Amino acid sequence: MTLIFSGIQPTGNLQLGNYLGALKNWVTLQHDYECIYCVVDLHAVTVWQEPKELASNTREVTAGLLASGLDPRKNIIFNQSQVAQHAELAWIFSCVARLGWLNRMTQFKEKAGKKQENASVGLYAYPSLMAADILIYKATHVPVGEDQKQHLELTRDVAQKFNNDFGIEFFPLPEPLILGHATRVMSLRDGTKKMSKSDLSEASRINLTDTPDEIAHKIRKAKTDSDTLPGTPKGLENRPEAANLFGIFAALSDLSLEEVCMKFDGAEFSKFKKELTELAVVVLGPIGKEMARLVSDPGYLDKVLADGSERARNIAAPVLKDVYDIVGLLRSDNLD
Ligand code: TYM
């Protein structure tokens, strides 16, 4: 059976990379599969979060999921901290994962920077919580952007080692689903740097809540090169900014990269940017508006999360019970 799980952090604005690398694909998958989508607030607190902002960011990201087209009746949508089994399984996985595995994680190195001694223990152990998020549901497929690939490999290693250590085929080895033409959306200011909600430069990213004027301004200012546009994807090689903008165009329009190249063969960037702006406003405008409407109704968002959490707990609780039995942890409900 295919079961989809994915997660997103409630840290600040949702940006175009989140939409094209994750949310857009989540929306497509919901039509064919059982899906569980989680706002991972426990991951967010691995770096400092203002408590009031964390709660409102959790609601805002939930609004983003719904506004992008996810149906809360069809899918399970919830915030991680309401399902305690994630944290409980994460502890078991912290005892399965090896220090050497975590030492290789590039995201930790990037986020901790030069001051690793000052990073939280949680930031370091983050991938074992992520493995628990996925495996507490025995999910088989995980749609993510390319930056999460290494964490998915670690999840598979954890599942495999748990199965080997206890001599039981218990956890599936989940597959990453890295879909679409924009699996790694880059900064609009620097085509070698990932677009990110934590980038200090607001001009580096397009937020789902940006107005049409803001979108137009950021695309107009986006870094380019001085060549004309190529007729084939090969002509995008060694042109990181052009490749990024073409990937964004392809992903937003559902055209192939070949078709986008053919459409703009020999054109100037100004013509391309004008069309990209129109496309981005048509796709993102309604999402931003719907997000604003949903955010003004926190009671509804809280109800969606409460309902999703209950449904998630119903799946997670028996899996955790089995894990405790396998590991040999004594529970009073096992004594009869
Ligand atoms: P997060 O919150 O950083 O990002 C959420 C999703 O958006 C994708 N993404 C991008 N894709 C393409 N280009 C970009 N510039 C870009 N920026 C972000 C991410 O790849 C991700 O799919 N550790 C995860 C959250 C998580 C999770 C999980 C994911 C926690 N538990 C279990 C899957 C399964 C993270 O920090 O994503």
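In this text the structure is predicted, and so the values were computed from the model without any measurement.
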A side-chain contact here means heavy atoms from C-beta on lying under 4.5 Å apart; do S128 and L102 qualify? no
With rounding to the nearest 0.5 angstrom, report the CG to OH distance, L70 to Y37. 6.0 Å
Inspect the contact between D210 and K218 and indicate whether a charged nitrogen and a carboxylate oxygen are less than 4.0 angstrom apart. yes
Between I36 and I4, is any pair of side-chain heavy atoms under 4.5 Å apart? no
Connected hydrophobic set around L129, excluding itself, where side chains approach under 4.5 Å: L42
Consider only side-chain N and O atoms of E214 and H217, and report whether a donor and an acceptor are under 3.5 Å apart. no
Is there side-chain contact between T11 and K197, with heavy atoms separated by less than 4.5 Å? yes
Sorted by chain and number, sequence neighbours left out, side chain to side chain contact (heavy atoms under 4.5 Å, CB included) with L294 holds for A63, L66, A67, E290, Y300, L301
Taking ring pair (Phe, Tyr, Trp, His ring centres under 6.0 Å) as the definition, give me every residue that meets it alongside F171, ordered by chain and number, with sequence neighbours left out. F93, F162
Modelled atom types, side-chain donor and acceptor of Q82 and E310, under 3.5 Å: no
Looking at residues at least two apart in the chain, or sitting in another chain, which of them share a ring pair (Phe, Tyr, Trp, His ring centres under 6.0 Å) with Y124? F108
Identify the heavy atoms of A316 and V83 that sit nearest to each other, and give their distance. CB-CG1, 4.2 Å
Verdict with supporting geometry, N79 and T62, side chain to side chain contact (heavy atoms under 4.5 Å, CB included): CA-CA 8 Å; N79 60 312; T62 306; 5.9 Å; no
Hey, are N75 and Q30 close enough side-chain-wise for a donor-acceptor pair under 3.5 Å? yes
Do K193 and D199 come within less than 4.5 Å of each other through their side chains, counting heavy atoms only? yes
Qualifying residue for salt bridge (Lys or Arg N to Asp or Glu O under 4.0 Å) with D147, from K194, R184, K111: K194
Kindly write out the residues that satisfy ring pair (Phe, Tyr, Trp, His ring centres under 6.0 Å) with H43, not counting sequence neighbours, or none if the list is empty. Y126
Contact between L330 and Y324 at the side-chain level, heavy atoms closer than 4.5 Å - yes or no? no
Which atom pairs, donor and acceptor, lie under 3.5 Å between side-chain atoms of residues 221-230 and protein residues at least two apart or in another chain?
unit_1	atom_1	unit_2	atom_2	d
D225	OD1	D227	N	3.3
D225	OD1	R239	NH2	2.7
D225	OD2	R239	NE	2.8

Does L152 reach the side chain of I134, with side-chain heavy atoms less than 4.5 Å apart? yes
Measure the CG-CD distance between L188 and Q15 for me, rounded to the nearest 0.5 Å. 10.0 Å
Taken to the nearest 0.5 Å, the spacing of L236 CG from L257 CG works out to 6.0 Å
Between F249 and F264, is the ring centre distance below 6.0 Å? yes
Is there side-chain contact between F272 and L245, with heavy atoms separated by less than 4.5 Å? yes
Short side-chain donor-acceptor distance under 3.5 Å, T211 and D213: no
Side chain to side chain contact (heavy atoms under 4.5 Å, CB included) between D302 and R59, worked out: CA-CA 7 Å; D302 291 358; R59 292 196 183 99; 2.7 Å; yes
If I compare all heavy atoms of E50 with all of W48, which pair ends up nearest, and what's the gap? OE2-NE1, 3.2 Å
Hey, can you pull the donor-acceptor pairs under 3.5 Å for the side chains in residues 136-144, sequence neighbours left out?
unit_1	atom_1	unit_2	atom_2	d
Y137	OH	H86	NE2	2.8
T140	OG1	L3	N	2.9
T140	OG1	L3	O	3.2

Which pairs, with at least one residue in residues 158-180 and sequence neighbours excluded, count as a side chain to side chain donor-acceptor pair (under 3.5 Å)? K161-D165
Which atom pair, heavy atoms only, marks the closest approach of G64 to L14? CA-CD1, 3.7 Å
By side-chain hydrogen bond (donor to acceptor under 3.5 Å, both in side chains), which residues pair with D265, not counting sequence neighbours? none
Answer yes or no: does atom CD of E34 have more than 12 heavy-atom neighbours from other residues, nucleotides or ligands under 6.0 Å? no
Taking S120 for its side chain and T46 for its backbone only, find out whether a donor-acceptor pair lies under 3.5 Å. yes
Please give the remaining members of the hydrophobic cluster of M186, linking ILVMFWY side chains under 4.5 Å, ordered by chain and number. none
Checking side-chain polar atoms at under 3.5 Å, does D41 have a donor or acceptor matched by the opposite partner on T58? no
Specify the closest pair of heavy atoms between L123 and A112, including all atoms of both residues, with the distance to one decimal. CD2-N, 4.2 Å
Could you pull out all residues at least two apart from K274 that satisfy side chain to side chain contact (heavy atoms under 4.5 Å, CB included)? E278
Would E153 and T155 count as a side chain to side chain contact (heavy atoms under 4.5 Å, CB included) if you check the C-alpha gap in whole Å, the side-chain angles of each, and the deciding distance to 0.1 Å? CA-CA 5 Å; E153 279 158 16; T155 300; over 6 Å; no
Contacts of S270 meeting side-chain hydrogen bond (donor to acceptor under 3.5 Å, both in side chains) (sequence neighbours excluded), chain-then-number -> none
Give a yes or no answer on whether the side chain of R205 reaches the backbone of M195 with a donor-acceptor pair at less than 3.5 Å. no
Could you tell me whether a side-chain N or O of Q150 sits under 3.5 Å from a main-chain N or O of T106, the two making a donor and an acceptor? yes
In sequence, state the C-alpha distance, the side-chain angles, and the governing distance for V323 and E88, and then conclude on side chain to side chain contact (heavy atoms under 4.5 Å, CB included). CA-CA 10 Å; V323 169; E88 293 179 79; over 6 Å; no
How many angstroms lie between CG in L208 and CG in N13, if you round to the nearest 0.5 Å? 8.5 Å
Just checking, any donor-acceptor pair under 3.5 angstrom between side chains of S256 and E259? yes
To the nearest 0.5 angstrom, please state how far the OG atom of S81 sits from the CG atom of L54. 8.0 Å
For I219, does its backbone N or O pair with a side-chain atom of K273 as donor and acceptor, under 3.5 Å? yes
How close do D190 and S187 get, counting heavy atoms only, and between which atoms? N-OG, 3.2 Å
Crowding at NZ, K303 (>12 non-hydrogen neighbours, <6.0 Å): no
Under 6.0 Å from the CG atom of N238, do we count more than 12 heavy atoms belonging to anything else shown? no
To the nearest 0.5 Å, tell me how far L65 CG sits from N18 CG. 10.0 Å
Can you name the closest pair of heavy atoms from A159 and L173 and give their distance? CB-CD2, 3.6 Å
Are the side chains of E258 and P233 in contact, using a 4.5 Å heavy-atom criterion? yes
For Q116, look at atom CD and say whether over 12 heavy atoms of other residues, nucleotides or ligands are found less than 6.0 Å away. yes
